[in-house]
Novice: 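One structure follows; several queries about it will come next.
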Amino acid sequence: MSRLPQALAFIPSLLSVTAAQSSDDALWPQQSYKSSSIQTPFMNVTKMGQTEPGFLFLSPEDIIRGTGYPAIYSDDGQLVWQGANGNYSALQPQILNGEPVIAYWAGYVGDGFGFGHISILNSSYDEIHRVTIDCKEQNFHTVFEPMTFNSCIDIHESQITDNGNILVTAVNVTQADLSSIGGPKDGWIQDGLVYEIDIATNEILFRWSAHEHINQVPLSDVRAPLHGSGGSGVNSTYPFGYPHLNSIDKYGDNYLVSSRYMCSVFFIAPNGTVIWHLHGRTGGDFTLGLGTSFCYQHDVRFESQSPERVTLSMHNNDNTEFTGHTSLTTGLVLDVELQGSKEVTLVNRMWDAAEPVYAESQGSYQLLGNGHILQDHGATPKIEEYDENGTIVMRARFGYDNTMQTYRTYRYPWVGCPSTKPDVLACPGSKGGKTAVYVSWNGATDVQSWKVYSGSKVSKTALRNGFETTVIVDGISDGDSVVVEAVGGVGDGTRSEPVTAGQGC
Ligand SMILES: *[C@@H]1O[C@H](CO)[C@@H](O)[C@H](O)[C@H]1NC(C)=O
Ligand SMILES: *[C@@H]1O[C@H](CO)[C@@H](O)[C@H](O)[C@H]1NC(C)=O
Ligand SMILES: *[C@@H]1O[C@H](CO)[C@@H](O)[C@H](O)[C@H]1NC(C)=O
Ligand SMILES: *[C@@H]1O[C@H](CO)[C@@H](O)[C@H](O)[C@H]1NC(C)=O
Ligand SMILES: *[C@@H]1O[C@H](CO)[C@@H](O)[C@H](O)[C@H]1NC(C)=O
Ligand SMILES: *[C@@H]1O[C@H](CO)[C@@H](O)[C@H](O)[C@H]1NC(C)=O
Ligand SMILES: *[C@@H]1O[C@H](CO)[C@@H](O)[C@H](O)[C@H]1NC(C)=O
């Protein structure tokens, strides 16, 4: 992940939604509500076919307004949940000990990396675990002196394993000899670390450093230029972007590691040895077949694995801030023969031909049920879903290019039962003499209808309609006490605090 420089004027496609003329037009429209102070980007969903069930989980970042939050949206573009403002990344709905949870990174953001913790929320949106790596205890060196944070987990990964551990990345500024690539002998790098941590105890179970394996993870394979945004490496404030790790997964006892600036995928044994190295331009240990080249990729996962062959998927950006934006960004699925021919063959490559994307950074690729694919384009605020035949069935935009971004988006089934109460605002006389009662419940997924009480009697029951429902009722006056109650779903019967009609209208 890299931050988008705000001066970047390049608009990669000619969509009407990107035709921002003035800086005022550059503000993407937001949805706002009466019963809640939440504001959220308008999610413009276009469906051309049947999508898979589930909500969209993302961490929209409004670059112009300078805000970001963890969020869930439904397929009709309605907000379902939004967390507090802050710096967020690597948001991922997952299963922990048999329960659905949301994991995300939060903390202090640098240029393409960061220092923070992983929050794990349960389906009530309460933090049930906070995973940290103690910066001082583990002897981290960062570009920020003095350090204003305690935990040194990087922005790029929050992958929960089957046995309740979590895989994360970290960045440690350290010295390295950069003379082999034209840099200083006493240069500096952003060493990339992989950690497996026990979520319950915060114990570090595995640590791997790219720099400590530099013979197998060679500097010469880095594609980021020394004098690009990767950092010149001349001092510890501008460490060179070797190796820029951005996704980690575990298969059996081994770790699958993606390096963006090396255009590489490494498979690492528990003792730290690189078992194999696939380079997206040179092949590395393999021979690249037609159409299998990749670079600056994100979100590399195995779709299947056997001793002879792995099938891996990725979001292949093929662009960065230092390459320009001329390469088409695609979802990419490759077969890699681990033995014999060691050939890499193309299984699938997908992109939206009508509205192609040239994503500068970030993004995700998710294999859904029934062979559907959900693809998110990171710095380009666009989400796509493809059916099992590669036909696009959904496009969703939540911002103009260069105004909004999200590191990843995943689709996932979810039943949210907030530990907070429903929010309500009752405004007598606001609808032709009648009272408008505005109701929302941040995070509730399955409320069917809302019951409005005035005093002790039910004034009306109305079907829920999106994030905020407006119920028009008779017989409520300024000063009356109003309560709403959720009907249906896991929060059935939950009531709001009483509010006074007319107050806050
Ligand atoms: C939403 O997307 C559709 C299809 O691309 C487009 O025609 C429409 O103008 C968009 N609406 C807004 C408000 O951007
Ligand atoms: C977000 O990161 C910036 C540095 O880029 C930092 O100044 C700010 O305090 C961070 N915000 C939070 C809530 O940690
Ligand atoms: C979520 O965690 C909170 C705090 O531990 C707890 O009160 C709540 O019951 C949990 N919610 C669910 C659905 O388990
Ligand atoms: C970071 O680098 C310093 C300097 O090389 C080293 O002493 C320290 O152990 C490293 N920390 C980690 C977490 O790798
Ligand atoms: C580090 O290098 C940069 C780029 O050459 C320079 O602007 C900066 O002043 C240097 N910082 C220190 C502390 O030497
Ligand atoms: C590390 O593990 C690899 C893969 O299992 C093995 O081939 C290698 O011999 C091991 N190296 C050491 C030093 O134990
Ligand atoms: C995908 O292709 C197969 C074979 O042509 C066809 O039977 C199936 O209906 C297609 N699926 C969709 C969703 O169009």
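These numbers come from the heavy atoms of this one structure, side chains and all, not from hydrogens, waters or symmetry mates. Counting convention: from 1, in listed order, for ligands and their atoms alike. Every value quoted in this text rests on a predicted model; they were computed, and no experiment measured them.
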Novice: At a 4.0 Å threshold, what atoms of ligand 4 neighbour a non-hydrogen atom of F140?
Specialist: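 Listed by number with element, the hits are 13 (C).
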Novice: Please work out, at 4.0 Å between heavy atoms, whether the side chain, the backbone, both, or neither of E388 comes within that distance of ligand 7.
Specialist: side chain
Novice: Quick one: look up the protein heavy atom nearest atom 13 (C) of ligand 4 and list residue, atom name and how far away it is.
Specialist: Q138 O, 3.1 Å
Novice: Check this for me: K34, atom NZ, are more than 12 non-hydrogen atoms of other residues, nucleotides or ligands nearer than 6.0 Å?
Specialist: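 Incorrect, the count does not exceed 12.
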Novice: Report yes if Q175 has an N/O atom closer than 3.5 Å to an N/O atom of ligand 4; otherwise report no.
Specialist: no
Novice: Hey, which atoms in ligand 1 end up nearer than 4.0 Å to a heavy atom of T46?
Specialist: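 It comes down to these atoms of ligand 1: 4 (C).
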Novice: If the cut-off is 4.0 Å to any non-hydrogen atom of R207, which atoms of ligand 4 fall inside it?
Specialist: 12 (C), 14 (O)
Novice: If you measure every N or O of T174 against every N or O of ligand 4, does any of those distances drop under 3.5 Å?
Specialist: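 In this structure, T174 places an N or O atom under 3.5 Å from an N or O of ligand 4.
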Novice: Got the closest protein heavy atom to atom 5 (O) of ligand 7, with its distance?
Specialist: N389 ND2, 4.8 Å
Novice: Which atoms from ligand 4 have a heavy atom of L193 less than 4.0 Å away?
Specialist: 13 (C), 14 (O)
Novice: Taking CG in D162 as the centre, count heavy atoms belonging to other residues, nucleotides or ligands within less than 6.0 Å. Is the count above 12?
Specialist: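 Open: at most 12 neighbouring heavy atoms sit under 6.0 Å from CG of D162.
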Novice: Return the orientation label for the H298 and Y407 ring planes: parallel under 30°, perpendicular over 60°, tilted otherwise.
Specialist: perpendicular
Novice: Tell me which one of D191, I189, I204, N172 gets a heavy atom nearest to atom 12 (C) of ligand 4.
Specialist: N172
Novice: Within ligand 4, which atoms have a heavy atom of Y195 less than 4.0 Å away?
Specialist: 13 (C)
Novice: Just distances here: any N/O of N44 and N/O of ligand 1 closer than 3.5 Å?
Specialist: yes
Novice: Who's closest to atom 7 (O) of ligand 4 heavy-atom-wise, of D134, N139, I133?
Specialist: N139
